[in-house]
Amino acid sequence: MKTLADLLAEGVAGRRVLVRADLNVPLDGSVITDDGRVRASLPTIKQLSEAGARVVVMAHLGRPKGKPDPKFSLGVVAVRLGDLLGREVLGITEITGQAAQAAVDGLADGDVALLENVRFDPRETSKDEAERTGFAQELAALAGPDGAFVSDGFGVVHRKQASVYDLAKLLPHYAGGLVLAEVEVLRKLTADTARPYVVVLGGSKVSDKLGVIENLLAKVDRLLIGGGMAYTFLKAQGHEVGKSLLQEDQLDTVRGFLAEADKRGVELVLPVDVRTAEQFPDFGAESQPDPVVVPAGGIPAERMGLDIGPDTERLFADKLADAKTVFWNGPMGVFEVAEFAGGTRAVAQALVDSSAFTVVGGGDSAAAVRQLGLPEDGFSHISTGGGASLEFLEGKELPGVTVLED
Ligand code: ADP
Ligand code: MG
C-alpha cells in the first residue's frame, strides 16, 4: 500500500491531489458543535499544501437525500478548516462539472479547496457500480493527467462509495496519515493484545453493534455493556425494562451471546442499577425532571433507563482498573443532557485514570469525551470512525483500505 510519504517523495508540487477526508461534524443549526474530525484531517492536508500540491478536499456532511440541501452544505466546514489550517480554504459550491473544474483550474501551488458535499450527488452512495464509477470519473477529471488520490477519511473507509472506493481505481492512490494511524491502532486490538482486554459497549445503534459482540467474545476477557443496548441484554435475562430502548427481534441473538460468554469464560458485565425517567429528555429544555435510580432488575413499566446508575459506575470502574487494553464504543447514557451524562463521564474517567492502552471509537463517544471536558491526551487514541473501527474489530474487510492495496 502506498502512503502519503511515498507521494511526497515522488513530488507533488504543482500537481492536483484529491483528498477524501471525513469532515462529517455534528452541527447545531449552522454551528459546528465538535470539530474533532476537522482537526484530525489537518496533518495530511497541511503536508500536501506545504509541499506545493493543489489540494482538493472531498467530504460529506450528514445524510442529504442525493440532492443539494443547504442544511448539509460544507460551507461552514470550509471556513473552520481554513481557520484551523491558518490559510484560506476555497469553498467550491459544486462537486463536479464545469464550474468545479474552473475553480480547481484556478488553484495555485499550495492552495486548498473543499468541494461541496459529495452526497449531494446520488451516485456517491449508489449500489450500482456503473453509476458510482461515472461519478468517480468526473471527480478524477478534476485532478487532471498527473493527479493523485489520497484516502484519509477513516470514518468512511468501510463504505463502498464513489469518492472513497471507486475513485481509488482511477487515480494513483495513497493512504493518508490518518487512515494509516487508525489502522495501526486497531491492529493492536486484534493481534497480540495485552491482557486483561476489556471492551465497553454502549450507545443506541444496537443492531449495528451486535455483530461486533460475536467476534469480540472470542477475543476479550471482559465485556461491559451499558447505554441503550444494555436493556436488550437485561430483558434477555428475564428482567422487565419498562419503556427502555429494546430490540425485541434480537433477544434470541443476545441469549446466544450470554451462553457463548459463559462457555468461553468471558466476563459479561451488565448494569446493576440505572437512572430512569418517564420520557426521553427534551434536549432543548433548561433542565430535566430528576432522574430516579432503580435496580436494573426491575425497571417500572412507565419508566425508561437513560443512563447506568451510580453503583454500576463503580462496578464498571472496578472492572476497568486492572485492564491492559481497553476499547470503548458508545455512550453509557443520554450524555447530551447533564442528568444522564454521569455514566459516560465515569467510564471516560476510568479510562483516563487507567495506564492501559485505551482506544475510544465512535462519533458520539469521541464527542462525549470532548463535551464532558475530559483531556483528549488522557486516552491512547480517539478514533474518528465509529462504524469503520467496529467493522475492523468484527474482522470485516474495509473496502476503502483494501482498494488502496493494489
Ligand atoms: P457512537 O456514535 O459513539 O458509536 P451511537 O451512535 O451508537 O454511539 O450512540 C450514541 C447515542 O446513544 C447518544 O445520542 C445517546 O444519547 C444514545 N443513548 C445512550 N444510552 C441510551 C439509552 N439508554 N437510551 C436511549 N439512547 C441512548
Ligand atoms: Mg453515533
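Since this is a predicted model, take the numbers as computed values, not measurements. Computed from heavy atoms alone, side chains included, the values below leave out hydrogens, waters and symmetry copies. Order of appearance sets the numbers: ligands from 1, and atoms from 1 within every ligand.
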Query raised in the report: Would you call Glu260 and Arg264 a salt bridge, using N to O less than 4.0 angstrom?
Result: yes
Query raised in the report: Less than 4.0 Å between a side-chain N and a carboxylate O, is that true for Arg54 and Asp109?
Result: yes
Report summary line: Here the gap from Leu170 atom CG to Thr133 atom OG1, rounded to the nearest 0.5 Å, amounts to 7.0 Å
**Report entry** Carboxylate-amine/guanidinium contact Asp166 Lys160, below 4.0 Å
**Finding:** no
**Report entry** Pairwise salt bridge (Lys or Arg N to Asp or Glu O under 4.0 Å) hits with a residue in residues 61-77, at least two apart
**Finding:** Asp69-Lys71
Less than 3.5 Å apart, N/O on ligand 1 and N/O on the protein: could you list those pairs with the distances?
| from | atom 1 | to | atom 2 | distance (Å) |
| --- | --- | --- | --- | --- |
| ligand 1 | 2 (O) | Gly363 | N | 3.4 |
| ligand 1 | 2 (O) | Asp364 | N | 2.8 |
| ligand 1 | 2 (O) | Asp364 | OD2 | 2.8 |
| ligand 1 | 3 (O) | Asp364 | N | 3.4 |
| ligand 1 | 3 (O) | Ser365 | N | 2.9 |
| ligand 1 | 3 (O) | Ser365 | OG | 2.5 |
| ligand 1 | 4 (O) | Lys209 | NZ | 3.1 |
| ligand 1 | 4 (O) | Asn329 | ND2 | 3.4 |
| ligand 1 | 6 (O) | Asp364 | OD2 | 3.0 |
| ligand 1 | 7 (O) | Ser204 | N | 3.2 |
| ligand 1 | 7 (O) | Lys205 | N | 3.3 |
| ligand 1 | 7 (O) | Lys209 | NZ | 2.8 |
| ligand 1 | 8 (O) | Lys209 | NZ | 3.4 |
| ligand 1 | 9 (O) | Ser204 | N | 3.0 |
| ligand 1 | 9 (O) | Ser204 | OG | 3.4 |
| ligand 1 | 12 (O) | Ser204 | N | 3.3 |
| ligand 1 | 12 (O) | Ser204 | OG | 3.3 |
| ligand 1 | 14 (O) | Glu336 | OE2 | 2.4 |
| ligand 1 | 16 (O) | Glu336 | OE1 | 2.7 |
| ligand 1 | 16 (O) | Glu336 | OE2 | 3.3 |
| ligand 1 | 20 (N) | Gly228 | N | 3.4 |
| ligand 1 | 23 (N) | Gly305 | O | 3.1 |

Query raised in the report: Going from CG on Leu90 to CG on Asp111, what distance comes out if it is rounded to the nearest 0.5 angstrom?
Result: 8.0 Å
Query - Non-neighbouring partners of Glu138 that pass salt bridge (charged side-chain N to carboxylate O under 4.0 Å, His left out), sequence neighbours left out - result: Arg123
**Report entry** Close side-chain approach of Lys209 and Asn329, heavy atoms under 4.5 Å
**Finding:** yes
Query - Sphere of radius 2.8 Å around the Mg ion (ligand 2) - protein N, O or S atoms inside - result: Asp364 OD2
Report task. Flag the pair Arg39 and Glu376 as a salt bridge only when some basic side-chain nitrogen lies within less than 4.0 angstrom of an acidic carboxylate oxygen. Result -> yes
